[in-house]
Amino acid sequence: MKMSKRILAVILSALIVAIVPFNAFAAKTIDTIDLSVDIEPGTMMEDYEEYVTINTPGVIFPEDIHVFIAEIYEEEMYAPSSERYEPGCTYEIAVILDVEEGYVFADREDDFKSVTVNGEDAYFEKYLNEDYTETGYYAVYVTVEIDGTVTEIDLSVNPVSGYIIDDYYRYVQINTLGVVFEETLDKGVNVTDALGGDPFNYFVEEEYVFEICLTPAPGCEFIKDDAGNIQLENVTVNGEAVEYTAHIEDTRGYIEYIIIRLNITPVEKTAIHVIELTIKDDLKGYAVEDYEEYITIETQGVNFDIYDPYAVYAYDSLWYDVYEFEGGERYFLYMSFIAEDGYFLDPDGVVITINGEEYDYVTYSTYEPEEGINVEYVFTEYETDYTGNFFDRIIAWFRNIFETIIYYLFGWIHI
């Protein structure tokens, strides 16, 4: 029986595949790399896929590492001072690149035809790991200067009756990047009463006059008209446009700044002087993350720090992280609390009481979990008693005696 030409062709193809060495079907070699890097002021550094575009097919970001960033100041490289790209700053960015399946990089740097960033030739090299062995990745370097021209300013000004007047970082929030309080010529915010006199140390519920003095951050400048005068496009406070006066001081070094004058009456809130907590005597069996089941806040207007996923965390006596409390052990609890709407943390400090006894005295701190949010919180730590039932505690008691004896006898030995 004759074999058809079609069947014969299929058999011959199969034989060729079986006979021809595998490397005859080699991966495609990449000998050019082209990237686009476009960074707006305020961009988070971790969002590298938003500002780095890979234009070369087959080139990808590795799964484990992506970019390394250094901030350049006076020709020296430092760890970045912020998690976002700040206006007026210069950065050196190393973009780490890998290849998709079916592709390989050229063996040597000299084998590359071109490596470009934004159309310009870029320095690149093989990326080595900590042991200086090859990873198969390439690092492409680019220097980026973030524009430092400030064209508009937005502020939030929210004084509260009971705040310390000189603590203006608490009630004046600068929402614009590249702008800071001018504190060289005077303090950043001057406050007088309605008659122009010096007010008492704390705000009360009456009208005050605020003079807020702002200047560009290092490396930045205010936008100016053709005559060199400061000419901002827009200045807003609490969403409303306001007037300002512009100044340039050049007798004691060059300083440009603006002054915003406002009349504001502080709002009334309830000060939190004491935070009362009740913590269960026996924590055995509780998951640390279920802290609302074993910690009760007795004070009105106080809550766990809802912005912090680790508002409560714990260590054991050996300083290992704990996720569930077991019996026969002492634990160290670390707890963060914030004030709810209509309340504020006493600027002079807060007393922490636990299970009816005064335990700690703390002052508030602040942090920014995300853009536009400023969180005030108090933090305290607490050492529990031995957890578990009677037998758990007896075992722990004997173990503690044994460890104390061992330390007394052999603690001088350093291994």
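Fair warning: this is a prediction, and the values are worked out from it, not measured in the lab. Each residue takes its place number in the sequence, starting with 1.
- Counting heavy atoms of neighbouring residues, nucleotides and ligands inside a 6.0 Å radius, atom CG of N129 exceeds 12 of them.
- A donor and an acceptor atom, one from each side chain of T265 and E206, are nowhere located under 3.5 Å apart.
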Only pairs under 3.5 Å count here: list side-chain donor-acceptor contacts from residues 187-204, not counting sequence neighbours, and write none if there are none.
residue	atom	partner	partner atom	Å
K187	NZ	D166	OD1	3.0
N190	ND2	D186	OD2	3.4
D193	OD1	L195	N	3.0
D193	OD1	G196	N	3.0
D193	OD1	G197	N	2.7
Y202	OH	D348	OD1	3.0
Y202	OH	D348	OD2	2.4

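- Taking the six-membered ring for Trp and the full ring otherwise, the centers of F112 and F124 sit less than 6.0 Å from each other.
- Residues E376 and R170 are paired through a salt bridge, judged by an N-O separation under 4.0 Å between the basic side chain and the carboxylate.
- Other residues, nucleotides and ligands place no more than 12 heavy atoms under 6.0 Å from the OH atom of Y310.
- Sorted by first and then second residue, the side-chain hydrogen bond (donor to acceptor under 3.5 Å, both in side chains) pairs with a member in residues 96-110 read R108-D111; sequence neighbours excluded.
- Residue pairs meeting the ring pair (Phe, Tyr, Trp, His ring centres under 6.0 Å) criterion with at least one member in residues 69-98, sequence neighbours excluded, are Y51-Y85, Y85-Y91.
- Pairs passing the ring pair (Phe, Tyr, Trp, His ring centres under 6.0 Å) check and including a residue from residues 230-275, sequence neighbours excluded, read H247-Y257.
- In this model, no donor atom of one side chain and acceptor atom of the other lie less than 3.5 Å apart for Y331 and D385.
- A distance below 6.0 Å separates the ring centres of Y286 and Y294.
- With 3.5 Å as the limit, one finds a donor-acceptor pair spanning the side chains of D34 and T116.
- In terms of the ring-ring contact (aromatic ring centres under 6.0 Å, His included) criterion, Y307 has no residue partners (sequence neighbours excluded).
- Between N175 and S156, the side chains place a donor N or O and an acceptor N or O closer than 3.5 Å (distance only, hydrogens not considered).
- Counting only residues at least two apart or on different chains, no salt bridge (charged side-chain N to carboxylate O under 4.0 Å, His left out) pair has a member in residues 38-55.
- If you run ring-ring contact (aromatic ring centres under 6.0 Å, His included) between Y315 and each of Y320, Y334, Y382, only Y334 comes through.
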